[in-house]
J.: 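The structure's right below; bear with me while I get my questions together.
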Amino acid sequence: MNRIFGSSSSKKPKPTLQDAINATDARAASVEVKIKKLDGELFRYKEQMSKLRSGPGKNAIQQRALRVLQQKKLYEGQLNQLQQQTFNMESAALTTDNLRNTMATVDAMKLANKEMRKQYGKIDIDKIENMHYDMEELLEQANEIQESLGRSYAVPDEIDEADLEAGTYTHKLDALQLEEEEEGPSYLSDLNKVPDFVDETPVEISEVRPTINSLTCLTQLG
């Protein structure tokens, strides 16, 4: 039976939308070629009629030109229909592609949503908050340790304004100033000392003056 009627597997696949668009474009292209050919004939008839005077010859050429013009209009109508069909099929193809892209986007979003729920299900918010509190406590302890290590030792307490007004420190400062005035500055105390490289004791200025006067008298007598 299959040899006589054939099998179902021998059926050709149905044409797709893109196949129909390609076939319609081919038909429209062949119609355009015919229209261009008719335009050439009309142009030739117009040139012939422009050279002829009114008469039976010109009328015959005019009738031929009218028939060609009718054919041209018929083909132009077919061409418009084919172009409209192509436009409709292309719009349908574009809509189909958009739907496919939309379905692919929806499927991807579903998969991502499922994966996000799976991942977030492994996260415990309470544990994260407890860890946050533990980190705060550790930071506070670290600050306390740094403050204790930076504490200074054997340093007197700070002087406040009440102590200064009571005169607890002003008396000490006055006593130190009086000692410096009596003794003199430390850098002037060494001027009265005799240097180590001088062997003889220095002579005072009052002892040297008579000697100078006696020398001057001798010079005058001489």
Side-chain angles (χ1 to χ4, degrees), residues 1-140:
M1 295 294 293
N2 292 333
R3 293 179 181 178
I4 297 173
F5 297 102
S7 60
S8 59
S9 61
S10 61
K11 292 182 180 180
K12 294 181 179 180
K14 294 181 179 181
T16 62
L17 190 59
Q18 187 62 41
D19 294 336
I21 291 172
N22 294 333
T24 306
D25 288 338
R27 289 172 59 189
S30 64
V31 172
E32 286 179 352
V33 171
K34 292 179 181 179
I35 290 172
K36 288 181 180 179
K37 183 178 179 181
L38 294 174
D39 284 336
E41 292 181 4
L42 286 173
F43 181 74
R44 188 173 65 253
Y45 289 149
K46 286 180 180 179
E47 285 184 348
Q48 291 177 1
M49 285 188 295
S50 63
K51 295 177 182 179
L52 296 175
R53 296 179 180 179
S54 299
K58 185 176 182 179
N59 292 333
I61 294 174
Q62 189 174 2
Q63 292 297 323
R64 292 177 187 175
L66 290 173
R67 286 195 299 268
V68 172
L69 185 60
Q70 290 176 354
Q71 290 179 358
K72 179 184 176 183
K73 289 186 176 296
L74 178 63
Y75 286 130
E76 286 178 350
Q78 291 181 358
L79 181 61
N80 291 332
Q81 292 178 357
L82 292 173
Q83 290 177 348
Q84 186 63 38
Q85 291 176 8
T86 301
F87 175 76
N88 293 334
M89 287 186 291
E90 288 178 349
S91 298
L94 182 61
T95 304
T96 303
D97 291 337
N98 290 333
L99 289 174
R100 289 174 182 173
N101 294 331
T102 302
M103 293 302 297
T105 304
V106 171
D107 293 337
M109 291 176 67
K110 288 181 179 179
L111 181 62
N113 189 12
K114 183 178 179 181
E115 188 66 23
M116 288 174 65
R117 289 180 179 275
K118 183 178 178 181
Q119 294 296 329
Y120 278 111
K122 299 178 182 179
I123 299 174
D124 190 356
I125 302 298
D126 295 333
K127 290 183 178 180
I128 293 175
E129 290 181 354
N130 293 331
M131 182 177 63
H132 183 69
Y133 294 145
D134 292 339
M135 290 178 66
E136 287 183 352
E137 291 178 357
L138 290 173
L139 290 173
E140 289 178 359

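The figures that follow rest on heavy atoms only: side chains count, while hydrogens, waters and symmetry mates do not.
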J.: Can you tell me how far apart CD1 (Ile61) and CG (Leu66) are? Round to the nearest 0.5 Å.
T.: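 One finds 12.0 Å between CD1 of Ile61 and CG of Leu66.
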J.: Could you go through the side-chain hydrogen bond (donor to acceptor under 3.5 Å, both in side chains) check for Gln85 and Gln81 one step at a time?
T.: CA-CA 6 Å; Gln85 291 176 8; Gln81 292 178 357; 5.3 Å; no
J.: Could you state the interatomic distance from CD (Glu137) to CD (Glu140), rounded to the nearest 0.5 Å?
T.: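 If we round to the nearest 0.5 Å, Glu137:CD and Glu140:CD are 7.0 Å apart.
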J.: Could you point out which residue of Val106, Thr105, Asn113 forms a side-chain contact (heavy atoms from CB on, under 4.5 Å) with Met109?
T.: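 Per the side-chain contact (heavy atoms from CB on, under 4.5 Å) rule, the option paired with Met109 is Thr105, out of Val106, Thr105, Asn113.
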J.: Just grab all the side chain to side chain donor-acceptor pair (under 3.5 Å) pairs involving residues 62-77, residues at least two apart or on different chains.
T.: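 Sorted pair list: Asp39-Lys72.
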J.: Nearest 0.5 angstrom please: Lys37 NZ to Ile35 CD1, how far?
T.: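 Result: 13.5 Å between the selected atoms.
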J.: Pair up each side-chain donor or acceptor in residues 86-98 with any protein partner under 3.5 Å, not counting sequence neighbours, and list the distances.
T.:
unit_1, atom_1, unit_2, atom_2, d
Thr86, OG1, Asp25, OD1, 3.3
Thr86, OG1, Leu82, O, 2.9
Asn88, OD1, Gln84, NE2, 3.3
Asn88, ND2, Gln84, O, 3.2
Ser91, OG, Phe87, O, 2.9
Thr95, OG1, Ser91, O, 2.8
Thr96, OG1, Ala92, O, 2.8
Asn98, ND2, Leu94, O, 3.2

J.: Enter the distance from Lys36:NZ to Leu38:CG here, rounded to the nearest 0.5 Å.
T.: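 The CG atom of Leu38 is 12.5 Å from NZ of Lys36, to the nearest 0.5 Å.
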J.: If you round to the nearest 0.5 Å, how far is CG of Asp134 from CG of Leu139?
T.: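 So the CG of Leu139 and the CG of Asp134 are separated by 11.0 Å.
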